Amino acid sequence: MTAIFKREFKAYFTSPIGYIYLGIFLFFSGFFFSAINLMYTMTDMSPFFSNLTIILVFMLPLLTMRLFAEERRNKTDQLLLTAPVSVFGIVMGKFLSAAALFGFSLIITFVYPAVMLIYGNPLLSTVLALYCGFFLLGCSLISIGVFVSASTESQITAAIISFVILLFIQLSDWVSSLFNNATVKKIFDWLSVTNRYQEFTDGVLSLSSVMFFISFCAVFIFLTISSIEKRRWS
Amino acid sequence: MNKFSEFKTVIKRFFTDKRFIYGSGSVATIVGFIAIAVLVNVIIGLLSDKFILKADLTENKIFKLSQQTVDVVKEISENVDVILFERTGNEDPKIRELLQRYINLNSNLKLKVYDPDKDPMSAQKYKKLGQTISAGSIVFDNGRNYMVVSPSDLQTYNPVSGAYDNFNAENKLTSAIISLSKRADMKVAFTQGHGEKTIYTAEQLIKDDNIAVEKVSTLTQGFPEEYDMFLVISPQMDFTAEEIEALDAYLKKGKSIQVYLDFKIPSLPRLESYLSDMGIQVQDNVVFESDAKRIAYNTPLCFIPVIKSHPITSAIISNNLNVIVYGNRVVSRLWEEKNSVKVETLLESSDKSIVTDSEGNNVKGPFSLAVVATRFDSENKEAGKLFVMGSSEFLNEQFSTMNKDFILGSINWQIDDTEALNIRPKSLSSSKLEMTRQDIVIWAIASIVFIPVIVLVFGLITWLRRRHL
């Protein structure tokens, strides 16, 4: 798993994709930080992160699209699957590499709270909770991207499908409001990643939300493993 | 026979087919895995609500309930439905979070959530005259009585910053619970028969606090003891000597009176003389404010007075709330404590306020605007409380929203000797950055341009170097 993780993480930086992702992500996060926190001289970072979730929809497919689709196109997947690594190890390695890059981009944005510390007193526990929540949200979306990448052959298809799914998730509140049935609505709300993330922006760090995100990732990683396993025997 | 064996072979082949074995097994494991994940989440969700496995990381701990609330809620011994009206898709997680913490304190509280659009019947049930149930309304219903907390009470909107900057929900919710459990039989009356002003909003305000409101003609009925308080709102005609006698007897029984006298009304010698017997003099003038910081609605007649320390005002002062007065006469104290009557000032104009005296000279303040006199009997027990204010505009719709806490606080203190609930609203706005324009520009350029460009340049170098490998 570590070997796969290292290989994938390095690949982000040997190809332009990692830098393009970082550059665009940091540009938008810098823009939101300036337009929200600096312009209004406020220390509350929740509106900053709320705006940044939209950027995730566009950016995360960039990170995940190549993970499996590229291997399949280059036919290196057969090589990988016959290597002495479990499918779980392969999937986790790839998932963690994308999560690590996403985490790395977040670490760079620590500059913002640091700037705020110079000029004011942001509440660091709230900031940390927001970062945690945002990271978990990102990981959940990455897990979807990994699954999509493993199920498609072309990178572009993977990116477009991931983008559509992530957009659908962003709009899940609106989707759930289309249903009149209370039970259906409740199920949609319960499954809604954005609803769960809302708790973090409201300043509540709850075990159930953290658990939700972790199991969300687990389910999609499991689905990815199953989809690769399926290819083995079909 | 042949066909049958063929069929058997097909079936056998289907069930022994690698794809079927792997496929069905795979579907089963996926379903099982998802089921386990859902189950774990449901269990943790339930435990989390029950034992609050959450950390409140808000700057001002807006979800932390005060000890007062904890005590009040734990004492509830009857079933109370806590009904939250919420439009689906438009929920406020903050209110849910707070209500959940109330529910966790006492199993007699049950949370019910209705959509006022989809379930208008349930909303209709709690509709009161002049009060609608809208999305965000919260109702406490104990089966006999109910209290409605409107969404506008929960957060205060700051028109300057354009945001909700104070979260006042705990104060309002706990006050509603107290009102629900305590005021089952309280009754106040507005006097009639002297050309009194009818202020509908004041009546509604008191009714909304679960106190029954009636109108009584004191000329024919006197001051019946069944009422806990009489309110006299700017009468145009004086009271008769018999009425004053009845009023005095009523007060001596430990009851309460509130008198609001507008300027420009005819003089009421008998009533005014009775008030001066209680140490209160209502002057025939009106206070103008010259302190620009206190003037409201651009008229010096309308201003924010100084609130003096008293059990009625303690919560208002500590919560940094204000009241607003309009066209107020001077209501002065003739003494502080004399003839077993203690007189205290509640509201005062600033030292920059002005009053024109009978000779046309301007006199500078401060002037007392609202006072309360408490009479003590021979055993030094409280025997009647008289509140006098120099304007009935204080109760008017335009100002009553701002003055609500003061109005209800004074009534509750007079009737019940209760001090208003002192739960401070919590600030929702975060602390500010102290940056100059230059700082903002520098850091904006650094974060929008500098950081991303460094990363991209780094990427470009790597890419170029790899190309030339």
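Just so it is clear: chains get the letters A, B, ... in the order the sequence lines come, proteins before strands, and each one is counted from 1. Predicted, not measured: the structure shown is a model, and the values here were computed from it.
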Show, in sequence, the C-alpha distance, side-chain angles and deciding distance for A:L101 and A:F13, and conclude whether the side chain to side chain contact (heavy atoms under 4.5 Å, CB included) test is met.
CA-CA 10 Å; A:L101 184 64; A:F13 293 99; 3.4 Å; yes
Tell me if the [atom1] atom of [X] is crowded by more than 12 foreign heavy atoms within 6.0 Å.
X      : atom1 : result
A:Y40  : OH    : no
A:Y21  : OH    : yes
B:F450 : CZ    : no
A:F110 : CZ    : yes

Could you tell me which portion of B:V38 (side chain, backbone, both or neither) has an atom closer than 4.5 angstrom to a non-hydrogen atom of chain A?
both
Residue part contacting chain A, namely of B:V42, when any heavy atom lies under 4.5 Å:
both
Between B:D81 and B:K110, is there a side-chain N and carboxylate O pair less than 4.0 Å apart?
no
Exactly one of A:L38, A:N37, A:I36 should register a side-chain contact (heavy atoms from CB on, under 4.5 Å) with A:S34. Which one does?
A:L38
Using a cut-off of under 4.5 Å for heavy-atom pairs, which of [options] has the most such pairs with chain A?
options                      : value
B:V441, B:V449, B:I30        : B:I30
B:A446, B:A444, B:P452       : B:P452
B:F458, B:W463, B:W443       : B:W443
B:D115, B:D439, B:I43, B:L46 : B:D439

Which region of [X], side chain (C-beta onward) or backbone (N, CA, C, O), has a non-hydrogen atom less than 4.5 Å from a non-hydrogen atom of chain B, or is it both or neither?
X      : answer
A:F31  : both
A:I225 : neither
A:S29  : neither
A:V111 : side chain

Establish, from distance only, whether the side-chain atoms of A:T64 and A:S149 form a donor-acceptor pair under 3.5 Å.
no
Selection from [options] maximising heavy-atom pairs under 4.5 Å formed with chain B:
options                     : value
A:G18, A:G30, A:S215, A:G23 : A:G30
A:V115, A:I108, A:I24       : A:V115
A:L26, A:T41, A:I214        : A:T41

